[in-house]
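Down below is the structure, laid out as structure tokens.
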Amino acid sequence: MEVGFLGLGIMGKAMSINLLRRGFKVTVWNRTLSKCDELVEHGASIGETPAAVVKKCKYTIAMLSDPSAAQSVVFDKDGVLEQISTGKGYIDMSTVDAETSLKISEAIKAKGGDFLEAPVSGSKKPAEDGQLVILAAGDKALYEEILPAFDVLGKKSFYLGEVGNGAKMKLVVNMIMGSMMNAFSEGLTLAERSGLDPGTLLDVLDLGAISNGMFKLKGPTMLKNNYSPAFPLKHQQKDMRLALALGDENAVPMPVAAAANEAFKKARSLGLGDLDFSAVHETLKALDHST
Ligand SMILES: NC(=O)C1=CN([C@@H]2O[C@H](COP(=O)(O)OP(=O)(O)OC[C@H]3O[C@@H](n4cnc5c(N)ncnc54)[C@H](OP(=O)(O)O)[C@@H]3O)[C@@H](O)[C@H]2O)C=CC1
Ligand SMILES: O=CCCC(=O)O
């Protein structure tokens with residue numbers, strides 16, 4: 001199977017390497033074109049523009065930072081829309097809001113193409129290991145056709161119906177995750193400041209009802225102040241912002257998520273946006289606790 005891949009950040013790089021390893025022919029494009037070189041070493045071809053990739057490939061997957069990037073790659077000069085046509089499918093796996101996804105879907109369909117949104121749960125390591133959870137919605141026939149690629153990229157794919165449902169599901173999941181990360185971070189800090197060993201807190205948490213993969217993975221690195229980015233904090237804050245907007249639309253009060261969003265914004269203001277989202281922990285350390 002031949003696929004195009006737009007966006008070679010942390011996730012897109014790992015995902016396109018997986019496709020190449022499993023025998024897919026992959027044509028890649030990235031805004032910073034030099035990032036394509038490593039993929040060429042793994043057997044990829046390069047497309048000079050998103051339009052060139054779509055022209056060459058029946059299916060094109062995108063994994064881009066945010067709504068603005070996702071729209072730019074489709075609507076700008078040399079973008080996806082210039083070459084999408086009947087018989088071609090566009091699969092956007094970026095985390096965006098439902099409105100962005102719908103706008104892209106309508107434009108692709110107006111040109112005769114098929115569209116699927118397919119954001120993912122799981123971070124850098126699951127992307128490297130082909131263990132993502134795929135939250136797809138949109139054209140059902142395209143979903144069936146692209147399943148061989150999803151089976152390489154993920155451990156489970158959900159088909160959630162109409163465009164927008166994938167985006168919404170992803171935002172709900174990440175809203176919960178971002179809120180949990182803040183509670184976890186406060187707990188680690190409270191344990192330490194009140195004279196407990198935070199390492200022992202990790203052991204206690206792991207044996208109880210709130211044991212989870214995120215605490216297990218991030219706890220030890222947070223205690224070492226290691227925030228090497230798997231999921232960049234600026235993207236987590238974007239997801240909190242988009243989830244809060246979804247809450248506004250549906251009149252759902254979300255005071256916990258709103259407070260978590262403020263903490264991520266604070267972290268961004270401290271210049272921590274490119275670090276892992278667990279670096280929100282640093283916002284607590286930055287507070288004066290001398291009295
Ligand atoms: N990292 C993670 O754990 C996870 C991330 N996600 C989501 O996946 C998406 C990608 O995340 P991730 O790979 O971590 O992000 P990165 O920041 O590592 O990569 C972002 C990608 O988007 C491209 N990009 C940014 N702005 C533009 C633009 N205006 N036009 C064209 N391309 C642009 C970047 O290009 P360039 O190289 O030129 O900057 C890069 O390829 C995001 O929506 C994120 O929320 C979902 C699940 C997990
Ligand atoms: O969007 C990023 C999600 C990260 C994760 O699921 O661990």
Side-chain angles (χ1 to χ4, degrees), residues 4-18 28-39 46-51 53 60-80 91-97 100-101 104 117-129 131-136 153-156 166-167 169-181 184 212-219 221 227-243 264 268 273-280:
F5 207 107
L6 311 178
L8 302 174
I10 292 172
M11 298 296 284
K13 176 182 155 185
M15 293 160 75
S16 48
I17 287 176
N18 264 345
V28 296
W29 172 85
N30 193 66
R31 178 181 62 174
T32 308
L33 270 176
S34 58
K35 286 194 191 168
C36 296
D37 295 347
E38 189 179 343
L39 271 294
I46 298 181
E48 291 294 320
T49 62
V53 173
T60 299
I61 296 172
M63 193 52 161
L64 301 156
S65 52
D66 56 21
S68 157
Q71 292 189 55
S72 164
V73 162
V74 171
F75 294 104
D76 286 359
K77 186 174 177 302
D78 297 325
V80 169
I91 302 106
D92 192 346
M93 303 187 79
S94 322
T95 303
V96 297
D97 54 307
T100 298
S101 228
I104 292 173
E117 62 177 357
V120 301
S121 203
S123 193
K124 185 180 177 194
K125 181 81 166 60
E128 288 168 353
D129 296 344
Q131 294 291 305
L132 296 168
V133 177
I134 296 170
L135 307 171
L153 300 173
K155 62 181 173 186
K156 170 87 181 165
M169 182 68 82
K170 173 64 184 165
L171 293 178
V172 171
V173 170
N174 272 27
M175 181 274 286
I176 296 170
M177 190 178 75
S179 299
M180 279 173 64
M181 174 53 82
F184 184 46
N212 68 77
M214 184 179 80
F215 290 0
K216 259 203 227 313
L217 184 70
K218 300 293 181 186
T221 50
Y227 306 113
S228 169
F231 179 36
L233 188 144
K234 63 187 176 190
H235 296 333
Q236 171 69 85
Q237 198 267 313
K238 170 254 308 177
D239 296 348
M240 296 306 287
R241 173 169 51 82
L242 298 178
F264 287 118
R268 283 185 63 191
D274 289 326
L275 297 182
D276 190 69
F277 77 119
S278 53
V280 74

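Atoms within a ligand are numbered from 1 in the order they appear, just like the ligands themselves. All values below were derived from every heavy atom in this structure, side-chain atoms included, with hydrogens, water molecules and symmetry-related copies excluded.
- Scanning all protein heavy atoms for the shortest distance to atom 44 (C) of ligand 1 gives Lys238 NZ, 3.8 Å.
- The nearest protein atom to atom 9 (C) of ligand 1, hydrogens excluded, is given as Leu64 O, 3.2 Å; this is a heavy-atom distance.
- At least one N or O atom of Lys35 sits closer than 3.5 Å to an N or O atom of ligand 1.
- A distance-only check finds a donor-acceptor pair linking the side chain of Glu117 to the backbone of Gly166 [under 3.5 Å].
- Near Ala230, the atoms of ligand 1 lying under 4.0 angstrom from a non-hydrogen atom of the residue are 1 (N), 2 (C), 3 (O).
- Counting atoms of ligand 1 from 1 in the listed order, those under 4.0 Å from a heavy atom of Leu8 are 41 (O).
- To the nearest 0.5 Å, atom CZ of residue Phe231 and atom CE of residue Met214 are 11.0 Å apart.
- If you take CG on Asn174 and CE on Met240, they are separated by 9.0 Å, rounding to the nearest 0.5 Å.
- In the vicinity of Phe231, heavy-atom distances shorter than 4.0 Å reach the ligand 1 atoms 1 (N), 2 (C), 3 (O), 4 (C), 5 (C), 45 (O).
- Partners of Lys170 by salt bridge (charged side-chain N to carboxylate O under 4.0 Å, His left out), not counting sequence neighbours: none found.
- Shortest contact from atom 5 (C) of ligand 1 to any protein heavy atom: Met11 CG, 3.5 Å.
- Within the listing of ligand 1, atoms 8 (O) sit less than 4.0 angstrom from a heavy atom of Met63.
- Checked by distance only, ligand 1 and Gly7 stay at 3.5 Å or farther apart across all their nitrogen or oxygen atoms.
- One finds the CG atom of Leu171 at 11.5 Å from the CD1 atom of Ile176 (value rounded to the nearest 0.5 Å).
- For atom 29 (N) of ligand 1, the closest non-hydrogen atom of the protein is Arg31 NH1, 3.5 Å.
- Ranking the protein heavy atoms by distance from atom 38 (O) of ligand 1 puts Thr32 OG1, 2.5 Å first.
- Between Met180 and Phe215, the closest side-chain pair of non-hydrogen atoms falls below 4.5 Å.
- More than 12 heavy-atom neighbours from other residues, nucleotides or ligands sit within 6.0 angstrom of NZ on Lys218.
- Within the model, atoms CD1 of Ile91 and OG1 of Thr60 stand 7.0 Å from one another, a figure rounded to the nearest 0.5 Å.
- Within the listing of ligand 1, atoms 31 (C) sit less than 4.0 angstrom from a heavy atom of Val73.
- Atoms CD1 and NZ, on Ile134 and Lys156 in that order, are 11.5 Å from each other to the nearest 0.5 Å.
- The two residues Leu39 and Ser16 have their closest heavy-atom pair at CD1-OG, 3.3 Å.
- Side-chain contact between Leu233 and Leu275: absent, with no pair of heavy atoms (C-beta onward) separated by less than 4.5 Å.
- Residues of the protein with a heavy atom under 4.0 Å from ligand 2 are Ser121, Gly122, Ser123, Lys170, Asn174, Met177, Phe231, listed by chain and number.
- Judged by distance alone, with hydrogens and angles left aside, the side-chain atoms of Ser179 form a donor-acceptor pair with the main-chain N or O of Met175 at under 3.5 Å.
- The local environment of CE in Met169 is sparse, with at most 12 non-hydrogen atoms from other residues, nucleotides or ligands closer than 6.0 Å.
- Residue Asn30 has at least one N or O atom closer than 3.5 Å to an N or O atom of ligand 1.
- Considering each of Ala127, Pro232, Gly273, Gly9, the one bringing a non-hydrogen atom nearest atom 14 (O) of ligand 1 is Pro232.
- Considering backbone and side-chain N/O of Ser123, one or more are found under 3.5 Å from N/O of ligand 1.
- Applying the salt bridge (charged side-chain N to carboxylate O under 4.0 Å, His left out) test to Asp78 and every residue at least two apart in sequence or in another chain returns nothing.
- Annotation: the span from Lys13 atom NZ to Asn18 atom CG amounts to 12.0 Å, rounded to 0.5 Å.
- Remark: minimum distance from atom 48 (C) of ligand 1 to any protein heavy atom is reached at Gly122 O, 3.0 Å.
- Protein heavy atom at the shortest distance from atom 7 (C) of ligand 1 is Thr95 OG1, 3.5 Å.
- Ligand 1 has a nitrogen or oxygen under 3.5 angstrom from a nitrogen or oxygen of Ser65.
- In this structure Lys35 satisfies the salt bridge (charged side-chain N to carboxylate O under 4.0 Å, His left out) test with no other residue, sequence neighbours excluded.
- Scanning the protein heavy atoms around atom 15 (O) of ligand 1, the nearest turns out to be His235 NE2, 3.1 Å.
- Residue Ile10 has at least one nitrogen or oxygen atom sitting less than 3.5 Å from a nitrogen or oxygen atom of ligand 1, judged on distance alone.
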